[in-house]
Structures are given as structure tokens and as C-alpha cells.
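The sequence lines fix the lettering, A, B, ..., with proteins before strands; numbering per chain opens at 1.
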Amino acid sequence: MKKIIFSIITPLILASAAYAADSQIWGEMILSNIKAYGEVSSFSLGPLFVLLQSAYFSKIFLVVVLAVPTVFLLHYLIIGPKVFSHDGDKIYVFSLFQRIIHLIAAVAFLILIPTGLMIIFGKYLGGGSLVLGARYLHGVATLMFIVSVIPMFLFWLIEMLPTLDDIKWVFILGGYLSKEIKEIPAGKFNAGQKMWFWVASLGGVVMIATGAAMYLQDFNYNIAASFGLSQIDFLRASALIHNVLAVLITAFFFTHAYMSLFAIKGAIHSIITGYKENDEVKYLHSSFYKKLKKQGQI
Amino acid sequence: MSSEQARMKFYCDNNRCIECYGCSVACAEAHELPVGISRRKVITLYEGIEGKEVSTSIACMHCSDAPCAQVCPVNCFYIREDGIVLHDKEKCIGCGYCLYACPFGAPQFPRDGAFGTKGAMDKCTMCAGGPEETNSEKERHLYGHNRIAEGKVPICAAVCGTNALLVGDAEEISAIYRKRVSSKGQGA
Ligand code: HEM
Ligand code: SF4
Ligand code: SF4
């Protein structure tokens, strides 16, 4: 009788041990994962994650999605958009390849941000298949973003490096506090565009990495160990970083959209057709304009 | 013995646990858990070190102020009046946040979502099923056997041969443990 029971139980235990062997979280690692919760020597990311996720993240996102558009609405009503003639000469600034890559990145962000927000505010949507669908779409859009981020980073890298113009640009806030049209210090890209570039590319890569960690959840422990973290603390760190950077990316994305769609009338056409209005370049990217002039390109 | 409100708790007496895995296997069987999911686990600390080695059985501890419930973005947890922490798998989006919050690594994720991603979270229900109609086919399928509704003790504690694993009202459990400690003159 004993033998029969053993022959039934042994395979069960072996089967669970086999699973345990390839799982970082529920297998042999479970002790170090759990201990890291409150141990003095560990990073104790558990309580920090609980505190921020339960009380702060959704409130911070609420403030960002309400305050940023409100500020821009006020800007539009009080100061108003910059308008440049669309009848003059045009300057070719973005190649077809750049425009296509930018389009892929744009669509990716247009999915990533709303679906991310849907997860964050999931309880008001009742959870279930709607929010689950948002989570799946968030993953699909990540693939689109991965395709676009590397070429975009490479083809704009040189023009996105900081210059002296950028300091001057920041001091006058790009001239957006007045409607007056005068020469603004900026190369092909101004300091604001450069900030967005770095947040979206380097920040984007961090978003891909932290998102992938959460997506995979149970993967080669050497990665977490190389950061001196248990697997669960690594996931907690990923969730924390993903949320904090998401606040920044969301705020910058809204700004980017407002600038191209509203603050400078018709600026969006340049990324569709490749041509920017002569006057827009002349005033808003004055250093770039002078350079083109010197090179005899206009 | 119990005061105003019973609060259901597990307790594993590690002076008694002999690492037999009975609780873990019984749980998997009673709830017909899929491969790879093990709601209750037996762990051993200081393995092989004489005098220090201890084993214990862990699963969801049905925490007061459950951290998992605090972080869930879709609010799919609900805490019964007796303190059992349950969740709604049809609301859950499998984001994993509850795992990050849990001090015991209790929430688990079967890879049955679309494209093999993590599916709805699974954890110990203290044999109390879920939000579906009690003892319905659906409840059984999603959450396992609802023994509490049938007036039975959770299967893990019921099968524990050494009575190491206790379950019940927190105060009654601590009374039993106090009695064990004072009669043996040892224990944590
Ligand atoms: C470059 C941008 C981004 C990338 C590449 C990215 C990628 C990812 C990936 C791969 C996941 C894991 C999904 C899963 O577990 O199935 C994830 C999760 C998440 N993302 Fe993003 N994301 C980005 C931006 C954002 C933004 C802007 C927000 C908020 C507005 C956001 C909010 C979230 C949230 C709340 C989660 C956790 C839920 C979950 O793990 O499913 N993400 N992200
Ligand atoms: S899942 Fe973890 S945090 Fe939630 S009640 Fe169970 S033990 Fe506590
Ligand atoms: S995995 Fe499910 S239960 Fe856990 S926090 Fe996410 S939605 Fe809530």
C-alpha cells in the first residue's frame, strides 16, 4: 500500500520540482524573493511599490492629463498660435524614410499612451476584457515602437546634440510667451524638440526594457542579480521606473502634439510632406536657416 | 474564545512541519490546478544545517490591509467579512502588480493569455471559491473547490498529518499555539 502511494506521490513531487527548477519566482528562488520584502539589507522595494502604486501614481497621471492640456488651452487663448505664410517658398527638411519612421513612432505613441492610461485608470473602466485588450494593444504597439526607435535615434542623433543655442532658447522659453515673430536661436531642432528626442529615445529604450521585464516576469535570474536585486525586486523596480518615466513621456508627448498641431499653425505638414515653410525655418530655426543660406541651399 | 469578528488565518507550526508536501499536493488535487501552478508550497530554510533547518508551508496569508488589493489597477480583489482575500478572475488583467506587492510571492500567473502572455492571476482562496455562484461549475473551474461553503476546513490543513498547518479564527489559532508552546516549553 505504501509503495502505491509513493509511486503516485513521487512523480507529482518530481513534476513540481521540475517546474520549480526553471522558475525564478516560485521555484528555488522563492526564499530570496520573499525575504527581500522587508529585510534591512535589501532594497525593500515592496513597501515603496505598494505606497506609490496605491496612493500616488494614478493621482499624478490625473494631474498630468488635466493640467498639461489646460496650460496649453490657456496659452492658445491668451497668447495664441504663431502663424507663418504657407504661400511662400518651402524648404525640404525630412526625407521620405524619416517621415515613414516618424509615422510608425507616432502611431505607436498614440496607442501606448491611451492604453497605458487605460490600465492605470482600469478600475474606472471596470477591468475585464476592455482593460485586458488595452494591455495586449500596449504590447503590440511596443513592437511598432521598437521598429522605429533605432533608425530615428540614428538619423537625428547629430542634429539633436546640445548647442549654445539651446541655452538661449530655454531662457526665452522658445519665444512662445509672446506672439511676436522674431529670430529664435535654434538649429534644425530647438531645445524643446531635443528634450523630447532624448526622453523618447533613451527613455523609450528604458520603457521597452522595463516593459519587457514585466511582460516576461520569470526570466534568467542573472539579469536581476547583476543589479544586485532579487527577481521580484527587479520587477518592482521595473514597474516603478516604467510608471515614473511614463509620466514624463506623457507630458512631453502632449507638448509635442500641441506644438505641431496648434502652437505653430500647420507645422505638422512638414512631417507629412517633408517641406517646412520658409518663414518658419527663418524665424524658429534661425541658425539652421543661416547655415542653409551660407551653403547656398536656399 | 473568539472576539467580535472571526478573522480567518493560516499558521504553520514549523516545529511540527516534516516537509511531506501533503498540503501542496492535496491543494493541487482538490482544485485541479493546471501544471505549473502551486498555490501552496513547502519551503525549507537552512537546508542541511543541523539544529537550524526548518520547514514551513506557505500560500496566500490572507493579509489584513492586503497589499495586493491596494495596488490592483482594476480593483478586482474583495475581502470577505471573515478576512479571506479573494479576487475576480474575469476582471483581472494579469498585470502582475499584486505579485510585486505581496510579501509572500503568493500570486501566480498561468501562461494562458493571448500570445502566451501571463493570464489571470491565481492564488490560494482558502478553499472559499470566488465571486461566481457558490459551488457552481464556473466557480469550480475558475477558483477550485469551495469547501468553506460546504462547512469543511481548507484541504491543506485537513490533510496535514502532524497538525502543523492550522487554519481558523486568528485568536483561536494563537490560543492553540500558545498551549503548544507552554506544554512543550519551546517554540518561536
Ligand atoms: C515608449 C513607450 C512605452 C513602451 C515601449 C511600453 C512598453 C510596455 C510593455 C512591454 C509593458 C508590459 C505589458 C505586459 O505586461 O503585458 C508595459 C506595461 C505598462 N505600461 Fe508601458 N510602455 C510605454 C509607455 C507607457 C506609457 C506612456 C504609459 C502610461 C501612460 C505606460 C503604462 C504602462 C502600464 C501602467 C503598464 C503596466 C501594466 C502591465 O504590465 O501590463 N506605458 N509597457
Ligand atoms: S496575495 Fe499576498 S498580499 Fe495578497 S492577501 Fe495573499 S499573502 Fe497577502
Ligand atoms: S494581476 Fe490581476 S489581480 Fe493582480 S493586480 Fe493585476 S489585475 Fe489585479
Side-chain angles (χ1 to χ4, degrees), chain A residues 8-9 12-13 15-16 19-20 22-23 25-31 33-38 45-47 49-55 57-58 118-136 139-140 214-218 231-233 235-240, chain B residues 19-22 24-26 28-29 33-39 41-47 56 58 65-77 87-109 111 113-120:
Chain A
I8 295 169
I9 290 178
L12 280 174
I13 293 176
S16 65
Y19 174 73
D22 56 26
S23 165
I25 298 176
W26 296 285
E28 284 159 37
M29 306 299 297
I30 193 167
L31 288 179
N33 282 328
I34 295 170
K35 267 199 321 201
Y37 187 78
L45 292 177
F49 175 74
V50 173
L51 176 71
L52 292 178
Q53 168 64 20
S54 64
F57 283 149
S58 60
M118 280 174 76
I119 299 169
I120 288 160
F121 297 111
K123 65 176 115 181
Y124 305 106
L125 302 170
S129 47
L130 179 66
V131 186
L132 185 61
R135 197 189 126 220
Y136 289 154
V140 173
M214 293 189 285
Y215 178 87
L216 296 170
Q217 193 172 73
D218 207 6
Q231 185 72 7
I232 288 193
D233 260 355
L235 293 170
R236 288 167 179 152
S238 296
L240 289 170
Chain B
E19 203 194 346
C20 74
Y21 288 86
S24 176
V25 172
E29 278 304 300
L33 300 181
V35 195
I37 297 290
S38 150
R39 291 182 181 174
K41 275 157 287 194
V42 178
I43 57 169
T44 302
L45 292 137
Y46 306 111
E47 196 155 2
T56 192
I58 52 168
D65 301 322
C68 53
Q70 292 179 42
V71 300
C72 178
V74 297
N75 245 357
C76 75
F77 287 89
H87 74 294
D88 185 342
K89 284 193 177 182
E90 292 191 326
K91 263 193 188 173
C92 171
I93 58 162
C95 69
Y97 278 13
C98 47
L99 168 67
Y100 314 157
C102 177
F104 302 99
Q108 297 177 44
F109 297 86
R111 292 265 155 193
F115 328 111
T117 64
K118 27 191 203 321

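- In this structure B:Phe77 satisfies the ring-ring contact (aromatic ring centres under 6.0 Å, His included) test together with B:His87, sequence neighbours excluded.
- At a 4.5 Å heavy-atom cutoff, A:Leu51 makes no contact with chain B through either its backbone or its side chain.
- Judged by distance alone, the side chain of B:Lys118 and the main-chain N or O of A:Met214 form a donor-acceptor pair under 3.5 Å.
- Between B:Thr117 and A:Tyr136 there is a side-chain heavy-atom pair separated by less than 4.5 Å.
- Between B:Tyr97 and A:Phe49, the closest heavy-atom pair is O-CE2, 3.6 Å.
- For a residue to count as touching a neighbouring chain, one of its non-hydrogen atoms must lie under 4.5 Å from one of that chain's; by this rule B:Glu90 touches chain A with the backbone only.
- Here B:Glu19 pairs with B:Thr44 under the side chain to side chain donor-acceptor pair (under 3.5 Å) rule; sequence neighbours left out.
- When every heavy atom of B:Asn75 is checked against every heavy atom of A:Lys123, the shortest pair comes out as ND2-CD, 3.6 Å.
- The minimum heavy-atom distance linking B:Arg111 with A:Asp218 is given by the pair NH2-N, 4.4 Å.
- In terms of heavy-atom proximity, B:Gln70 sits nearest to A:Val50 at OE1-CG1, 3.6 Å.
- Annotation for B:Leu99 and A:Arg236: closest pair O-NH2, 4.3 Å, computed over non-hydrogen atoms.
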